Amino acid sequence: MSIRVRFAPSPTGPFSLGNARTALFNWLFARHHKGTFLIRIEDTDKERSKKEYEEMALSALKWLGIESDEPIIHQSERGDRYAHYVKKLFDTNQAYYCFCTSEELEAEYQAQMSQGIAPKYGGKCRHIKKEDAETRLEKGEQATIRFRMPEKRIAFTDMVRGKVEFDTALFGDIIIAKSLTEPLYNFAVVVDDYETQITHVIRGEDHTPNTPKQIALQEALGFPQVHYGHLPFILGADRKKLSKRTLTSSMLDYKEQGYLASAMINMLALLGWHPEKDREVLTTEEIINEFDMKRVQKAGAVFNPEKLDWLNMAHIKLMSDETLKELLVPHIPPEWKNDKDRLMRVIHLEKNRMRKINEFITNAKLFFELPEYPASLLLFKGTTTHDTESSLKETEQFIKNISENEFNESALNEKIMGIANERGRGMVLWPLRVALSGKEMSPGPIELLTALGKKESLVRIAHAIQKIEGALRDRS
RNA sequence: GGCUCCAUCGUCUAGUGGUAGGACAUUGCCCUCUCACGGCAGUAACAGGGGUUCAAUUCCCCUUGGAGCUACCA
């Protein structure tokens, strides 16, 4: 039988790292086993569900390349399906109307808590006859629908943790719906998973205690049991579940900050899972091939932003210059595109220096516009203005003598390093590099020359020489 | 309180009944005109106590610590 999984977010808040990881593991599991991956929106809570959160989740997933193989289901549109199954439970006397008010229930729970007893519903409405309930409903009384929880031990084999067992007597009769068409989580999940023929439920470990309730419901409705796997949490630095407020916990923020989807997937996959052979930098394709629920960790994992940076850098290096250009183009100033060749040379050079793709704008700016800098910056430590002037002039002459078609890295390296080794490396390379970049810190002079090209390089060197001469004049 | 789960370097993790390995971070060195990249080396962990065993990080129990759940949220 083919594997079918689903990711079922409730659109009640920003889409977090943890949500993304749960979606990813479901998706990886489906892809690895050539199964089907579904997205279902759990928007039964009308108060808290918001369309914007749903859109946020879907676009974050789309960014990661995770999309539903079948049309997306909304629980809010399936009221009649839930009503159908609630009626089935009524017909078999496995559900009943409960007229207790929230105040009554609250008081009951408080009393139990203060006595140190595990709180659960006392069963006050358990024996109200269906006919009596219906007349009360007709009179306009408010009621919820409860499931007669059978008291027994329910065990299941978790794909991550192995055998887990609960005593359902501790749960009491849970509320499964506010009305025929307004189901609550545990009931809606069971119905939808059944109707979409889900075979494996992979979700966060916060759902572990819900699993026996859902199994009891499946048994009551005569549904086959599904396989469960509960994923450990992604934790904040405080080792607590990532809160909604945690900074940049919204997935789309990572995209904005210049992270690659492939790096993000790599990072998320490595939180709680590890390939058999010890490798860290993995393409999505490789992760799909090697993914195995058996290798999923049991303990929660603290998210490490530095490692994400490192992985992002690694994934940038994995990309071709051309692919990187495509990614960069929408973000760069239009005038940078005028000189296509120069742009490509700059991308090639900066590719190995970027941790996040939006760093490109600040890093590459100097190639398109010479920054302002003081003449004093041209002086290598412990050298004189005079020596700097003569060094720059000599370098300028050498560069002028290199023909346009010889203007490449190896030829430049040979010529420039020739002078540098003669006059002293710092004496030659520092002023040249500052003249070309206008910055204290930058790529090396040979790299700058190659990327800028002969013409622009000479303009910048001439500009530097003017600065030096100006400084000399001011002194005399 | 009750129920469930978890426990290897600071972090992510590998691992086995017999020397605890890798990655990020960090430190030092090399490369070098600077900053990155890269290369090399170093610091750093089996929570504690009992068992079982010739031998336990590994298997069992307890303790401790941590997390989740305990809704007319999901």
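Just so we're on the same page: letters track the sequence lines, and every chain starts at 1. Quick caveat, the model's predicted, so the values are computed rather than measured.
Taking the six-membered ring for Trp, A/Phe7 and A/Trp27 have ring centres at least 6.0 Å apart.
Nucleotides B/rC24 and B/rU19 have their C1' atoms positioned 26 Å apart, rounded to a whole Å. The separation of B/rU52 from B/rA44, taken at their P atoms, amounts to 34 Å, rounded to a whole angstrom. When the C1' atom is used for both B/rG10 and B/rC72, the distance is 45 Å, rounded to whole Å. Taking the P atom of each, B/rU53 and B/rC60 are spaced 16 Å apart, rounded to whole Å. The C1' atoms of B/rU13 and B/rU8 are separated by 9 Å, rounded to the nearest whole Å. Rounded to whole Å, the C1' atom of B/rA23 lies 15 Å from the corresponding atom of B/rA45. Across B/rC37 and B/rU11, the matching C1' atoms stand 23 Å from one another, rounded to whole Å. Comparing the same atom, P, in B/rA36 and in B/rU26 gives a spacing of 11 Å after rounding to whole Å.
Side-chain atoms of A/Asn19 and A/Ser16 form a donor-acceptor pair, as typed in the model, at a separation below 3.5 Å. For the 3.5 Å distance criterion, the side chains of A/Arg423 and A/Ser390 qualify, holding a donor opposite an acceptor. Donor-acceptor pairing under 3.5 Å is lacking for the side chains of A/Gln214 and A/Gln218. Residues A/Thr450 and A/Arg345 bring no donor and acceptor atom of their side chains to less than 3.5 Å of each other. For the residue pair A/Glu182/A/Ser179, the side-chain donor-acceptor check at 3.5 Å is satisfied.
Residue-level contact check: A/Pro443 touches the bases, meaning some heavy atom is under 4.0 Å from a base atom. Among the atoms of the strands shown, only primed sugar atoms or phosphate atoms (P, OP1, OP2) are found under 4.0 Å from some heavy atom of A/Glu306. Base engagement by A/Gly444 is indicated by at least one non-hydrogen atom pair under 4.0 Å involving a base atom. Counting any heavy atom pair closer than 4.0 Å across all strands shown, A/Arg355 reaches sugar-phosphate atoms only and no base atom. Counting non-hydrogen atoms under 4.0 angstrom, A/Asp309 reaches nothing in the nucleic acid. As judged by a 4.0 angstrom heavy-atom cut-off over every strand, A/His207 is placed among the base-contacting residues. Within the 4.0 angstrom heavy-atom criterion, no nucleotide atom of any strand lies near A/Gln115. Using a 4.0 Å heavy-atom distance criterion, A/Tyr185 is classed as a base contact. Across all strands shown, A/Glu280 has heavy atoms under 4.0 Å from base atoms, whether or not it also approaches the sugar-phosphate. In this structure, A/Lys317 reaches the sugar-phosphate backbone alone: every heavy-atom distance under 4.0 Å involves primed, P, OP1 or OP2 atoms, never a base. Contacts of A/Phe233 with the nucleic acid, taken as non-hydrogen atoms under 4.0 Å apart, involve only primed sugar atoms and P, OP1 or OP2. Across all strands shown, A/Arg239 has heavy atoms under 4.0 Å from sugar-phosphate atoms exclusively, and none from any base. Residue A/Asn304 is classed as a base contact, given a heavy-atom separation below 4.0 Å to a base. A/Arg433 comes within contact range of at least one nucleobase, with a heavy-atom separation under 4.0 Å.
Base pairing of B/rU16 is not made with any nucleotide, judged by Watson-Crick or G-U wobble geometry with both donor-acceptor distances under 3.5 Å. Nucleotide B/rU52 has no partner under the Watson-Crick or G-U criteria, as no pair reaches both atom distances under 3.5 Å. When Watson-Crick and G-U wobble pairs are counted only if both distances are under 3.5 Å, B/rG38 pairs with B/rC30. Across the strands present, B/rU58 finds no partner; the criterion is a Watson-Crick or G-U wobble pair with both atom distances under 3.5 angstrom. The partner of B/rG1, taking Watson-Crick or G-U wobble pairs whose two distances both stay under 3.5 Å, is B/rU70. B/rA25 makes up no base pair with any nucleotide shown, lacking Watson-Crick or G-U wobble contacts both under 3.5 Å. Searching all strands for a Watson-Crick or G-U wobble partner of B/rA44 with both distances below 3.5 Å returns nothing. Pairing of B/rG65, defined by two Watson-Crick or G-U wobble distances under 3.5 Å, is identified with B/rC6.
For the pair A/Ala299 and A/Arg353, both in contact range of RNA chain B, the more 5′-proximal nearest nucleotide belongs to A/Ala299. Each of A/Thr144 and A/His274 was assigned the nucleotide of RNA chain B with the nearest heavy atom; the assignment lying further toward the 5' end belongs to A/His274.
Both the sub-6.0 Å distance and the 45° axial angle are not jointly satisfied by A/Lys213 relative to the ring of A/Phe166. In this structure, A/Arg136 fails the cation-pi test against A/Tyr97, since its NZ or CZ atom is not both closer than 6.0 Å to the six-membered ring centre and inside 45 degrees of the ring normal.
Note on ring orientation: taking the six-membered ring where Trp is involved, the planes of A/Tyr259 and A/Tyr254 are tilted (angle from 30° to 60°).
In this structure, A/His74 places its NE2 atom where more than 12 heavy-atom neighbours from other residues, nucleotides or ligands lie under 6.0 Å away.
With a heavy-atom cut-off of 4.0 Å to chain A, the contacted part of RNA chain B has its first and last nucleotide at B/rG1 to B/rA74.
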